[in-house]
Protein chains: 2
Amino acid sequence: MNSDQFEQSQIQPLLDYFQQLIPLDSKEKQLVLELFKPRLYRRRQFVLQEGDVCNQFNFIVRGCLRMYKIDEKGNTHILQFASENWWLTNIGSFHDRTPSELEIDAIEDTVVLQINHENLLSLYINAPKFDRIFRVLIEKSFVSTQKRLLQTISSTAEERYNSFLASYSHLNNRLPQTQIASFLGISPEFLSRLRNKQAKKA
Amino acid sequence: MNSDQFEQSQIQPLLDYFQQLIPLDSKEKQLVLELFKPRLYRRRQFVLQEGDVCNQFNFIVRGCLRMYKIDEKGNTHILQFASENWWLTNIGSFHDRTPSELEIDAIEDTVVLQINHENLLSLYINAPKFDRIFRVLIEKSFVSTQKRLLQTISSTAEERYNSFLASYSHLNNRLPQTQIASFLGISPEFLSRLRNKQAKKA
DNA sequence: AACTGAATCAAGAAATAGTATTGATCTAGA
DNA sequence: TCTAGATCAATACTATTTCTTGATTCAGTT
């Protein structure tokens, strides 16, 4: 498979995604084809390192990324997972062109379609419909972050785990327990016990 | 260990290295301290990815890096290993500011001291002695590449393996056999048989 | 004071991924 | 037609990652 075929075969999920929000005309499709580039990240590979300016907006075709912060004690706190058909970027760093405090890396081998800052601006200029599309998609992410914050400040670990299950059931068996624990803000051991408890109940 | 202490403790091998070639005065040492930055790469982490411009000149403090090319069939061919007290950079890409066809990644967790393109130029301007130092060190690498090329076009796999042993005996037990095979340009299975054969002889 | 929801630490166990070996078969070039 | 090597498949071995469990601790409830 040469790299052109690779691009062809990977771009479709993104076109479908846009199409579902607002139909695109052929000029717009063409722009997407030109400006989004596929890229493979291997497990554990960094997509964004602390201190670098985030220059990419990523659409996940397959695999799974995580965005997280490492605190002074060296503990990692996962802000967000992103798997198939989700977006991930450090939008603060991307927008303001400031060094990122967050890191992004791949939990599994992951194929993304990415557009860099410059090309995204050019996309907005050449096809203003994408202003709306990106507004909508950012709203979606924003809302889901709000929900999660609310969960976090109002629930016990078990409740948070259950709502993780409700929203991300497809990731529950796919991700190592340590990652889920770090997303929920509990210790891996405690998550192990929660799971055990629930298994016995059922 | 805070990051200052980390820098302090890691820079010495590089100062020793330079010192051995040509003694440095304190201003020059100071420049080295300011312009070279320590960095840790974890096993499998990329130092340079295909398509990016190589912007760093790396001195290996500990660990091991490899520079390689992935061909159209997906096979990887290792051009060079670099372990303690060696240098590694894609000098073509670094010098011409062109996208790299080669990749560099870490075979082991590796600490390097790196200087970027801009800072290296500034080092040459502020301390012309480094023109000579870097000329010497690049000559060394050049000569060893020539030797290897000559080996490659003139010897059997077994001879090449033996001369790998002669030059890199410290890496023989440290690197996975697959990596050595890819360096020698043979299949891992065949290397296994070569080793077996030599073990029986002895 | 006792209970609950958690954390931390240590030790093993289980699962997975990475690496090496071996035999069988195939191939290109001297 | 030899020889130096590749390729494929199966198995074995090793190392790393992940999970589980018990013991202990701790800070806020009740």
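Being a predicted model, the structure only gives us computed values, none of them experimental. Chain letters run A, B, ... following the sequence lines, proteins first and then strands; every chain starts at 1.
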Enquirer: With a 4.0 Å cutoff (strictly under), does any side-chain N or O of B:Ser192 reach OP1 or OP2 of C:dT21?
Expert: yes
Enquirer: To the nearest Å, how far apart are A:Tyr161 OH and C:dG5 C1'?
Expert: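 The distance from OH of A:Tyr161 to C1' of C:dG5 comes to 18 Å, rounded to the nearest Å.
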Enquirer: Expressed as a whole number of angstroms, how long is the span from B:Gln179:CD to C:dT19:P?
Expert: 7 Å
Enquirer: Would you kindly give the CD-to-P distance between B:Glu189 and D:dA9, to the nearest whole Å?
Expert: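 Between P of D:dA9 and CD of B:Glu189: 12 Å.
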Enquirer: Taking the six-membered ring for Trp and the full ring for Phe, Tyr or His, determine whether the centres of A:Phe36 and A:Phe59 are under 6.0 Å apart.
Expert: no
Enquirer: Given A:Gln114, which partner from the list A:Asn58, A:Thr89, A:Asn119 fulfils the side chain to side chain donor-acceptor pair (under 3.5 Å) test?
Expert: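 Of all the options given, the one that passes is A:Asn58.
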Enquirer: Can you tell me if B:Asn196 touches the phosphate of C:dT21, counting only side-chain N or O atoms and a distance under 4.0 Å to OP1 or OP2?
Expert: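 It does not, given that no N or O in the side chain of B:Asn196 lies less than 4.0 Å from OP1 or OP2 of C:dT21.
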Enquirer: Name the residue closer to the 5' end of DNA chain C, choosing between A:Arg160 and A:Arg43 according to the nucleotide with the nearest heavy atom.
Expert: A:Arg160
Enquirer: Nearest to the side chain of B:Ile186 - C:dT19, D:dG5, D:dT7?
Expert: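 In terms of side-chain proximity for B:Ile186, the closest of C:dT19, D:dG5, D:dT7 is D:dG5.
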Enquirer: Quick one about B:Tyr41 and B:Asp105 (side-chain donor to acceptor, distance below 3.5 Å, no hydrogens or angles considered), yes or no?
Expert: no
Enquirer: Distance check needed: C:dG18 P versus A:Arg44 CZ, whole Å only.
Expert: 8 Å
Enquirer: Please state how far atom CD in B:Glu108 lies from atom P in C:dG18, giving the value in whole angstrom units.
Expert: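 In whole Å, C:dG18 P lies 17 Å from B:Glu108 CD.
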Enquirer: Can you spot which of B:Phe134, B:Trp87, B:Phe57 makes a ring pair (Phe, Tyr, Trp, His ring centres under 6.0 Å) with B:Phe94?
Expert: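 That would be B:Phe57.
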Enquirer: I'd like to know if A:Arg193 reaches the base of C:dT8 with its side chain such that a donor and an acceptor end up less than 3.5 angstrom apart.
Expert: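 Such a pair exists between side chain and base.
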Enquirer: Could you check whether A:Ser187 gets within reach of a base, just the sugar-phosphate, or nothing at all, counting any heavy atom under 4.0 Å?
Expert: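 It contacts base atoms.
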Enquirer: Between D:dT3 atom P and B:Leu194 atom CG, what is the distance in whole Å?
Expert: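 Checked: the CG to P distance equals 16 Å.
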Enquirer: With a 4.0 Å limit, can you tell me whether B:Arg42 has a side-chain N or O closer than that to the phosphate oxygens OP1/OP2 of D:dT16?
Expert: no
Enquirer: With a cut-off of less than 4.0 Å, is there a side-chain N or O of B:Gln177 near OP1 or OP2 of C:dT21?
Expert: yes
Enquirer: Using whole Å, what does the distance between atom P of nucleotide D:dT20 and atom CG of A:Leu191 come to?
Expert: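 Computing the A:Leu191:CG to D:dT20:P distance gives 9 Å.
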Enquirer: Can you tell whether the side chains of B:Arg193 and B:Glu189 come within less than 4.0 Å, N to carboxylate O?
Expert: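 Salt bridge absent between B:Arg193 and B:Glu189.
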Enquirer: Atom CG of B:Leu184 to atom P of D:dA6: distance rounded to whole Å?
Expert: 10 Å
